[in-house]
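Just so you know, residue 1 is the first one in the sequence shown, and it goes up from there.
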Amino acid sequence: AIQAMRSMLPALRKKIAEIKDSFRLRQRLEMLLRYFEETLASHAEPDPTRRDVTFALFYFLKGYDRIPDSIPDIGLLDDALIVDHVLMGNRAALRLHWLKHGREWPDQV
(Lines give C-alpha, C1' and ligand atoms only; values in the text may rest on other atoms or scores of the structure.)
Protein backbone atom coordinates (compact mmCIF):
# COMPACT_ATOMS: atom_id res chain seq x y z
CA ALA A 1 0.00 0.00 0.00
CA ILE A 2 2.87 2.36 0.76
CA GLN A 3 4.35 1.87 -2.71
CA ALA A 4 0.93 2.25 -4.35
CA MET A 5 0.38 5.51 -2.47
CA ARG A 6 3.61 6.87 -3.94
CA SER A 7 2.09 6.84 -7.43
CA MET A 8 -1.08 8.51 -6.15
CA LEU A 9 0.63 11.50 -4.52
CA PRO A 10 -0.30 14.01 -7.26
CA ALA A 11 -3.99 13.05 -7.03
CA LEU A 12 -3.82 13.18 -3.23
CA ARG A 13 -2.25 16.66 -3.23
CA LYS A 14 -4.94 17.85 -5.63
CA LYS A 15 -7.81 16.45 -3.56
CA ILE A 16 -6.39 17.96 -0.35
CA ALA A 17 -6.04 21.36 -2.06
CA GLU A 18 -9.69 21.19 -3.11
CA ILE A 19 -10.93 21.11 0.51
CA LYS A 20 -12.49 24.52 1.02
CA ASP A 21 -14.89 23.96 3.92
CA SER A 22 -12.45 22.77 6.57
CA PHE A 23 -9.08 24.40 7.11
CA ARG A 24 -8.44 22.06 10.03
CA LEU A 25 -9.00 18.88 7.98
CA ARG A 26 -6.87 20.24 5.14
CA GLN A 27 -4.07 21.14 7.59
CA ARG A 28 -4.16 17.72 9.22
CA LEU A 29 -4.13 15.90 5.89
CA GLU A 30 -1.18 18.05 4.77
CA MET A 31 0.66 17.04 7.96
CA LEU A 32 0.02 13.35 7.32
CA LEU A 33 1.07 13.74 3.69
CA ARG A 34 4.27 15.50 4.70
CA TYR A 35 5.08 12.74 7.20
CA PHE A 36 4.37 10.11 4.55
CA GLU A 37 6.62 11.78 1.99
CA GLU A 38 9.45 12.37 4.46
CA THR A 39 9.45 8.74 5.58
CA LEU A 40 9.33 7.31 2.05
CA ALA A 41 13.11 7.36 1.77
CA SER A 42 13.41 5.07 4.78
CA HIS A 43 14.18 1.54 3.71
CA ALA A 44 13.23 0.20 7.11
CA GLU A 45 10.20 -1.99 7.57
CA PRO A 46 7.11 0.26 7.77
CA ASP A 47 6.21 0.94 11.38
CA PRO A 48 2.67 1.20 12.77
CA THR A 49 2.63 4.99 12.40
CA ARG A 50 3.53 4.86 8.73
CA ARG A 51 0.93 2.17 8.11
CA ASP A 52 -1.77 4.18 9.93
CA VAL A 53 -0.89 7.36 8.04
CA THR A 54 -0.99 5.48 4.74
CA PHE A 55 -4.41 4.06 5.62
CA ALA A 56 -5.81 7.52 6.46
CA LEU A 57 -4.48 9.00 3.22
CA PHE A 58 -5.88 6.10 1.16
CA TYR A 59 -9.25 6.40 2.87
CA PHE A 60 -9.41 10.09 2.06
CA LEU A 61 -8.25 9.67 -1.53
CA LYS A 62 -10.09 6.58 -2.69
CA GLY A 63 -13.62 7.63 -1.87
CA TYR A 64 -14.83 4.30 -0.46
CA ASP A 65 -16.41 6.34 2.25
CA ARG A 66 -19.08 5.43 4.73
CA ILE A 67 -20.41 8.94 4.01
CA PRO A 68 -19.97 10.02 0.36
CA ASP A 69 -17.86 13.17 0.05
CA SER A 70 -20.48 14.70 -2.23
CA ILE A 71 -23.04 15.09 0.58
CA PRO A 72 -23.02 18.78 1.57
CA ASP A 73 -21.87 19.66 5.10
CA ILE A 74 -21.19 16.09 6.24
CA GLY A 75 -19.41 14.43 3.31
CA LEU A 76 -15.95 14.70 4.83
CA LEU A 77 -17.01 13.78 8.36
CA ASP A 78 -15.87 10.17 8.15
CA ASP A 79 -12.57 11.26 6.59
CA ALA A 80 -12.05 13.76 9.42
CA LEU A 81 -12.77 11.08 12.04
CA ILE A 82 -10.21 8.71 10.49
CA VAL A 83 -7.60 11.50 10.30
CA ASP A 84 -8.26 12.50 13.93
CA HIS A 85 -8.00 8.90 15.07
CA VAL A 86 -4.66 8.43 13.29
CA LEU A 87 -3.29 11.72 14.60
CA MET A 88 -4.32 11.02 18.19
CA GLY A 89 -3.21 7.40 18.12
CA ASN A 90 0.21 8.28 16.71
CA ARG A 91 0.65 11.69 18.30
CA ALA A 92 3.94 10.91 20.05
CA ALA A 93 5.63 9.48 16.95
CA LEU A 94 4.35 12.24 14.69
CA ARG A 95 5.35 14.97 17.14
CA LEU A 96 8.84 13.45 17.50
CA HIS A 97 9.20 13.36 13.71
CA TRP A 98 8.11 17.01 13.53
CA LEU A 99 10.60 18.09 16.18
CA LYS A 100 13.45 16.10 14.57
CA HIS A 101 12.86 18.16 11.42
CA GLY A 102 13.08 21.43 13.35
CA ARG A 103 9.39 22.21 13.12
CA GLU A 104 7.14 23.33 15.89
CA TRP A 105 4.26 20.98 16.67
CA PRO A 106 0.97 22.83 16.05
CA ASP A 107 -1.06 23.41 19.22
CA GLN A 108 -4.38 22.62 17.58
CA VAL A 109 -3.40 19.08 16.57
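At a threshold of 4.5 Å between non-hydrogen side-chain atoms, the residues L94 and M31 do not count as touching. The closest side-chain heavy-atom distance from L32 to V83 is below 4.5 Å. Between M8 and L57 the shortest side-chain heavy-atom distance does not fall below 4.5 Å. Counting heavy atoms from C-beta on, the side chains of F60 and L33 never come closer than 4.5 Å. In this structure, the side chains of F55 and H85 stay at 4.5 Å or more apart for every pair of heavy atoms.
Closest heavy-atom contact between I19 and S22: CG2-O, 3.6 Å. Between F36 and V53 the shortest heavy-atom distance is CB-CG1, 4.2 Å. Closest approach of I16 to E30, counting heavy atoms only: CG2-CG, 3.7 Å. Between T39 and H97, the shortest heavy-atom distance links the atoms CG2-CE1, 4.0 Å.
Annotation: side chain to side chain donor-acceptor pair (under 3.5 Å) contacts of Y35 (sequence neighbours excluded): none. Judged as a side chain to side chain donor-acceptor pair (under 3.5 Å), and not counting sequence neighbours, D47 has no contacts. R95 pairs by the side chain to side chain donor-acceptor pair (under 3.5 Å) definition with nothing, not counting sequence neighbours. Listed by chain and residue number, T49, D52 satisfy the side chain to side chain donor-acceptor pair (under 3.5 Å) test with N90 (two or more places apart in sequence, or in another chain). Taking L81 as the reference, L77 meet the side chain to side chain contact (heavy atoms under 4.5 Å, CB included) condition, with sequence neighbours excluded.
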side-chain contact (heavy atoms from CB on, under 4.5 Å) between M5 and L40, worked out: CA-CA 10 Å; M5 177 57 73; L40 267 180; over 6 Å; no
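Note that CD1 of I82 and CG of L76 are 12.5 Å apart. Values are rounded to the nearest 0.5 Å. To the nearest 0.5 Å, atoms CG (L96) and NE2 (H101) are separated by 10.5 Å.
A salt bridge between E38 and R103 is present, with a side-chain N of the basic residue lying under 4.0 Å from a carboxylate O of the acidic one.
Every pair passing salt bridge (charged side-chain N to carboxylate O under 4.0 Å, His left out) that includes a residue from residues 2-14 is listed here, sequence neighbours excluded: R13-E37, K14-E18.
Under the 4.5 Å side-chain heavy-atom criterion for Ile, Leu, Val, Met, Phe, Trp and Tyr, V86 and M88 are members of the same hydrophobic cluster.
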